[in-house]
Amino acid sequence: IEELLREIRERREKAAKELQLESYIPQSDAPKTLETQPDAQEPDAQKDDFEIEKPLRCELVRGGETVTVFGRMDAFKSGSPPCVEEIKRCVRPPREALPEHLAQARLYGAMLVLTQGAQTVDVRVVYVNDAGEPLRVFGELANADDLTETLETLLKTWLAFAVPERDRVL
């Protein structure tokens, strides 16, 4: 049974990595949907009105399965619209927000739609150096429908793997 459990862990890790590498925004659309802010701009997360590492959790029922989605937003600012910042450390920032980073920020935005009824969310990916200074900021004002679609796409992919894997073990 230990061998089976190890194999399951390996498959889950592999699936999680594949999910993170999957492009949720077509590269040809990225420049139209994301605004690149100046490189030397101070990140909003360093201001007092942001909550740092704010936990977020919601339960959803999809396909007869109850799924708990949870995480910690790197930085969160309430308001209209609320703002989520996913902060990533790097040496050289990418020219576009990496799809897996944007998907993570959008997932938190979708959770705000579901838990707080937000109609739009200011979603940002902030690339910082080791000192925490911003190198590049990508942002979008995302509407509830687009954020929910991102969440549904992620859940569909995850459930397609997780349910059969769970049933196989049981």
Enquirer: Working to the nearest 0.5 Å, report the span between CG of L60 and CG of L159.
Expert: 9.5 Å

Enquirer: Taking the side chain as C-beta and beyond, is there a heavy-atom pair between L135 and V128 under 4.5 Å?
Expert: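 Sidechains of V128 and L135: no contact.
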
Enquirer: Where the side chain of R136 meets the backbone of V126, is there a donor-acceptor pair that is under 3.5 Å apart?
Expert: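 It does not hold such a pair.
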
Enquirer: More than 12 non-hydrogen atoms from neighbouring residues, nucleotides or ligands closer than 6.0 Å to CD on E152, yes or no?
Expert: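 Atom CD in E152 is crowded, with more than 12 foreign heavy atoms closer than 6.0 Å.
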
Enquirer: A side-chain contact here means heavy atoms from C-beta on lying under 4.5 Å apart; do V113 and N143 qualify?
Expert: no

Enquirer: Can you tell me how far the CD atom of E86 sits from the CG atom of L98, to the nearest 0.5 Å?
Expert: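 Between E86 CD and L98 CG, I get 11.5 Å after rounding to 0.5 Å.
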
Enquirer: Take E140 and R106, measure what salt bridge (Lys or Arg N to Asp or Glu O under 4.0 Å) needs, and give me the verdict at the end.
Expert: CA-CA 10 Å; E140 68 178 350; R106 282 183 170 173; 2.5 Å; yes

Enquirer: For E65, is there an ion pair with R166 - N to carboxylate O distance below 4.0 angstrom?
Expert: yes

Enquirer: Side-chain contact test, heavy atoms from C-beta onward, threshold under 4.5 Å: evaluate it for I52 versus D74 and give yes or no.
Expert: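 No, too far: nothing below the 4.5 Å cut-off.
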
Enquirer: So, do L56 and T115 sit near enough that their side-chain heavy atoms are less than 4.5 Å apart?
Expert: yes

Enquirer: Decide yes or no for P82 and K77: does some side-chain heavy atom of the first lie under 4.5 Å from some side-chain heavy atom of the second?
Expert: no

Enquirer: Taking atom CD as the centre, does Q119 end up with more than 12 heavy-atom neighbours from other residues, nucleotides or ligands that are less than 6.0 angstrom away?
Expert: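 No, the 6.0 Å shell around CD holds no more than 12 heavy atoms from other groups.
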
Enquirer: Taking the side chain as C-beta and beyond, is there a heavy-atom pair between N129 and R89 under 4.5 Å?
Expert: no

Enquirer: Is any side-chain heavy atom of L155 closer than 4.5 Å to one of V69?
Expert: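 Heavy-atom side-chain distance check passes, below 4.5 Å.
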
Enquirer: What pairs with R57 under side-chain hydrogen bond (donor to acceptor under 3.5 Å, both in side chains), at least two apart in sequence or on another chain?
Expert: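 Applying side-chain hydrogen bond (donor to acceptor under 3.5 Å, both in side chains) to R57 gives none.
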
Enquirer: What distance separates M73 CE from L107 CG, expressed to the nearest 0.5 Å?
Expert: 10.5 Å

Enquirer: For the residue pair F50 and A75, what are the closest heavy atoms and their distance?
Expert: CD2-CB, 3.6 Å

Enquirer: Ignoring hydrogens and angles, tell me if any N or O in the side chain of Y127 forms a donor-acceptor pair with the backbone of V137 under 3.5 Å.
Expert: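 Such a contact is absent between Y127 side chain and V137 backbone.
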
Enquirer: Main chain of P81, side chain of D122: is a donor-acceptor contact present, judged purely on distance under 3.5 Å?
Expert: no

Enquirer: Examine H101 together with F138 and report whether their ring centres are nearer than 6.0 Å.
Expert: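 Ring-ring flag for H101/F138: false, centres at least 6.0 Å apart.
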
Enquirer: Check the pair R168 / E165 against salt bridge (Lys or Arg N to Asp or Glu O under 4.0 Å), numbers first and verdict last.
Expert: CA-CA 5 Å; R168 186 177 74 82; E165 192 68 19; 3.1 Å; yes

Enquirer: Rounded to the nearest 0.5 Å, how far does CE of M111 lie from CZ of F70?
Expert: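 Between atom CZ of F70 and atom CE of M111 there are 9.0 Å.
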
Enquirer: Looking at NZ of K54 and CG of L112, how far apart are the two atoms once the value is rounded to the nearest 0.5 Å?
Expert: 8.5 Å

Enquirer: Output the distance between atom CG (L154) and atom CD (E149), rounded to the nearest 0.5 Å.
Expert: 11.0 Å

Enquirer: In the structure I gave you, are the side-chain heavy atoms of L141 and V121 within less than 4.5 Å of one another anywhere?
Expert: no

